[in-house]
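Any value given below was found using the heavy atoms of this structure, including those in side chains, with hydrogens, waters and symmetry copies removed. Order of listing sets the numbers, starting from 1, for every ligand and every atom in it.
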Amino acid sequence: MSTAWNGRLWKPILRWQNTPTVWKRTMATAVKSTPELSNRQKFNQLQPSPSIFSKLEKLGFGELRRTGRYAALCKVVSKNKDQKQTLEPNYKFPLLQFFAGAMIPTSIPEETVPEVAFVGRSNVGKSSLINALAESSTVRTSDKPGLTQQLNFYSVGRLFTIVDMPGYGFAFVDEDKRRLWRELMETYMTKRSTLKMVYVTIDARHGLKVGDKDFLAMLDKNRVPFQVVLTKCDLIILPTLARRYMMLLSDVNNYRHARKEVALVSSRTQSGVNQLRKEILRTVGNLRSEKYYVEKTERQKAKQEDRRK
Ligand SMILES: Nc1nc2c(ncn2[C@@H]2O[C@H](COP(=O)(O)OP(=O)(O)OP(=O)(O)O)[C@@H](O)[C@H]2O)c(=O)[nH]1
Ligand SMILES: [Mg+2]
């Protein structure tokens with residue numbers, strides 16, 4: 001063996017052996033005290049601002065605990081809450097009706113009215129969200145992932161269309177089927193001129209996964225406008241939800257074609273659903289004045305009371 005090789009191998013070891021013990025200990029503690037933080041630890045270190053907590057409280061995702069590390073924040077949040085106590089009208093959707101299903105690109109119906117589509121991993125709650133938005137039970141939902149297996153087109157009072165899509169990123173459907181669904185969805189989303197917005201649903205408990213990031217990148221590359229929607233927000237506590245929201249807000253900033261806002265919803269408790277309804281109506285160009293919705297709600301309430309009498 002050459003002397004150069006011997007020197008390269010042994011020099012660092014000899015140097016370490018000659019290092020004073022005090023230095024060795026200091027170096028060891030330095031390495032120990034600066035460990036690489038795990039993603040969970042980084043997530044838990046996020047400190048959402050009082051305005052984020054106010055927003056979530058206003059949407060109905062619970063109240064901040066009045067004790068512990070959030071006590072100081074609570075005062076700010078309650079002050080903000082008192083200042084802005086305005087009641088939103090109910091932005092009702094017209095009747096939701098199924099009118100077409102497509103398993104292959106050629107069976108996609110013709111372009112007519114504006115459309116919005118819901119995509120996301122399987123079982124995140126896309127179909128449930130469409131039901132919650134339309135206050136109906138037209139769309140079939142299930143505990144088991146993989147129920148929606150084609151593009152389902154729902155007409156909303158013939159004013160606009162909502163498209164429910166199969167889930168992506170799951171292991172229980174065979175590779176061929178998965179590829180076909182992906183091609184079908186991509187063809188639809190990249191070629192549809194009436195498609196105004198793709199709502200990408202993300203489970204609030206899990207956040208953005210690799211499959212979601214790939215999907216968002218594909219949308220961005222094809223210049224498809226999209227917005228991220230956090231679903232099942234009732235299943236996590238308020239501080240975790242606030243951190244998740246904060247993280248996603250910074251994530252969506254990386255995409256040129258993303259709406260720089262993240263919607264938060266729970267189809268189970270209806271929190272945030274009315275706000276998303278308003279967003280959709282605005283997107284498809286059907287949002288009327290607040291007065292219209294207030295009057296409509298009052299008329300419906302009066303009708304219901306009449307019926308009860
Ligand atoms: N707690 C809670 N459960 C929800 C919510 N939304 C949906 N779920 C439940 O999640 C499960 C899946 O809901 P679906 O709406 O069928 O999900 P999907 O994304 O359409 O699923 P695929 O069609 O398989 O892609 C059902 O058991 C729903 O009851 C929510 O906001 N909160
Ligand atoms: Mg579904």
Side-chain angles (χ1 to χ4, degrees), residues 56 59-62 93 96-103 115-154 156 161-175 177-186 188-189 197-212 214-216 218-219 226-238 240-242 244-245 248 262-277 279-280:
L56 300 188
L59 285 172
F61 292 109
F93 273 4
L96 185 85
Q97 278 175 313
F98 173 82
F99 73 92
M103 280 183 125
E115 289 176 359
V116 292
F118 285 82
V119 278
R121 289 167 70 81
S122 206
N123 210 240
V124 289
K126 302 176 287 294
S127 305
S128 308
L129 178 57
I130 298 174
N131 274 339
L133 287 164
E135 296 165 279
S136 82
S137 52
T138 312
V139 191
R140 281 179 61 220
T141 64
S142 159
D143 293 353
K144 264 178 50 195
L147 180 76
T148 312
Q149 304 220 349
Q150 57 176 16
L151 299 191
N152 286 328
F153 291 78
Y154 296 89
V156 189
T161 299
I162 292 184
V163 187
D164 188 16
M165 303 229 192
Y168 58 75
F170 34 78
F172 51 88
V173 175
D174 62 70
E175 189 59 40
K177 212 172 191 183
R178 237 190 294 177
R179 194 175 39 78
L180 279 178
W181 287 1
R182 176 114 189 176
E183 277 171 17
L184 174 69
M185 290 197 281
E186 284 192 21
Y188 166 75
M189 287 185 294
M197 185 67 67
V198 173
Y199 291 96
V200 184
T201 49
I202 305 288
D203 191 320
R205 293 170 298 175
H206 308 135
L208 278 187
K209 300 259 185 186
V210 180
D212 298 314
D214 284 351
F215 203 85
L216 297 188
M218 182 277 290
L219 291 177
F226 66 92
Q227 179 175 359
V228 169
V229 180
L230 276 178
T231 58
K232 303 194 183 182
C233 292
D234 57 300
L235 295 179
I236 53 174
I237 55 168
L238 190 66
T240 312
L241 183 60
R244 182 73 69 216
Y245 174 67
L248 270 159
V262 171
L264 301 113
V265 291
S266 161
S267 308
R268 189 151 290 176
T269 63
Q270 294 286 320
S271 305
V273 172
N274 196 35
Q275 199 59 34
L276 182 58
R277 232 178 253 143
E279 276 305 318
I280 294 175

- Run the numbers on Leu276 and Tyr199 for side chain to side chain contact (heavy atoms under 4.5 Å, CB included), then give the verdict. CA-CA 10 Å; Leu276 182 58; Tyr199 291 96; 4.0 Å; yes
- Give the single entry among Arg268, Gln270, Gln149 that approaches atom 3 (N) of ligand 1 most closely by any heavy atom. Arg268
- Which ligand 1 atoms, with their elements, are less than 4.0 angstrom from a heavy-atom of Asp234? 1 (N), 2 (C), 30 (C), 31 (O), 32 (N)
- Task: Hey, can you tell me if Tyr188 and Phe153 have their rings parallel, tilted or perpendicular (30° and 60° cut-offs)?
- Result: perpendicular
- Under a 4.0 Å N-O cut-off, is there an ion pair linking Glu183 with Arg179? yes
- Query: When only distance counts, is Leu147 in polar contact with ligand 1, meaning an N/O pair under 3.5 Å?
  - Reply: yes
- Note on the structure: Heavy-atom proximity to atom 26 (C) of ligand 1 ranks first, among Ser142, Ser271, Ser128, for Ser142
- Report, rounded to 10°, the angle at the Mg ion (ligand 2) between the two atoms OG1 (Thr148) and OG (Ser127). 100°
- Query: Below 4.0 Å from any atom of ligand 1, is there a heavy atom belonging to Asp143?
  - Reply: yes
- Taking it one step at a time, do Arg244 and Leu230 satisfy side chain to side chain contact (heavy atoms under 4.5 Å, CB included)? CA-CA 9 Å; Arg244 182 73 69 216; Leu230 276 178; 3.8 Å; yes
- Message: Once you measure the plane-to-plane angle for Phe98 and Tyr154, does it fall in the parallel (<30°), tilted (30-60°) or perpendicular (>60°) bin?
- Response: perpendicular
- Task: Could you tell me whether a side-chain N or O of Asn123 sits under 3.5 Å from a main-chain N or O of Gly146, the two making a donor and an acceptor?
- Result: no
- Item | Residue selection (non-hydrogen contact nearest atom 17 (O) of ligand 1) among Ala204, Ala132, Gly125 | Gly125
- May I ask you to check if ligand 1 and Thr141 share an N or O to N or O distance below 3.5 Å? no
- Item | N or O contact, Lys144 vs ligand 1, cut-off under 3.5 Å | no
- Proximal ligand 1 atoms for Pro145, defined as those under 4.0 Å from one of its heavy atoms: 24 (O)
- Go through ligand 1 atom by atom and flag the ones less than 4.0 Å from a non-hydrogen atom of Thr148. 23 (O)
- Stepwise, does the side chain to side chain contact (heavy atoms under 4.5 Å, CB included) test hold for Met189 with Val119? CA-CA 10 Å; Met189 287 185 294; Val119 278; 4.3 Å; yes
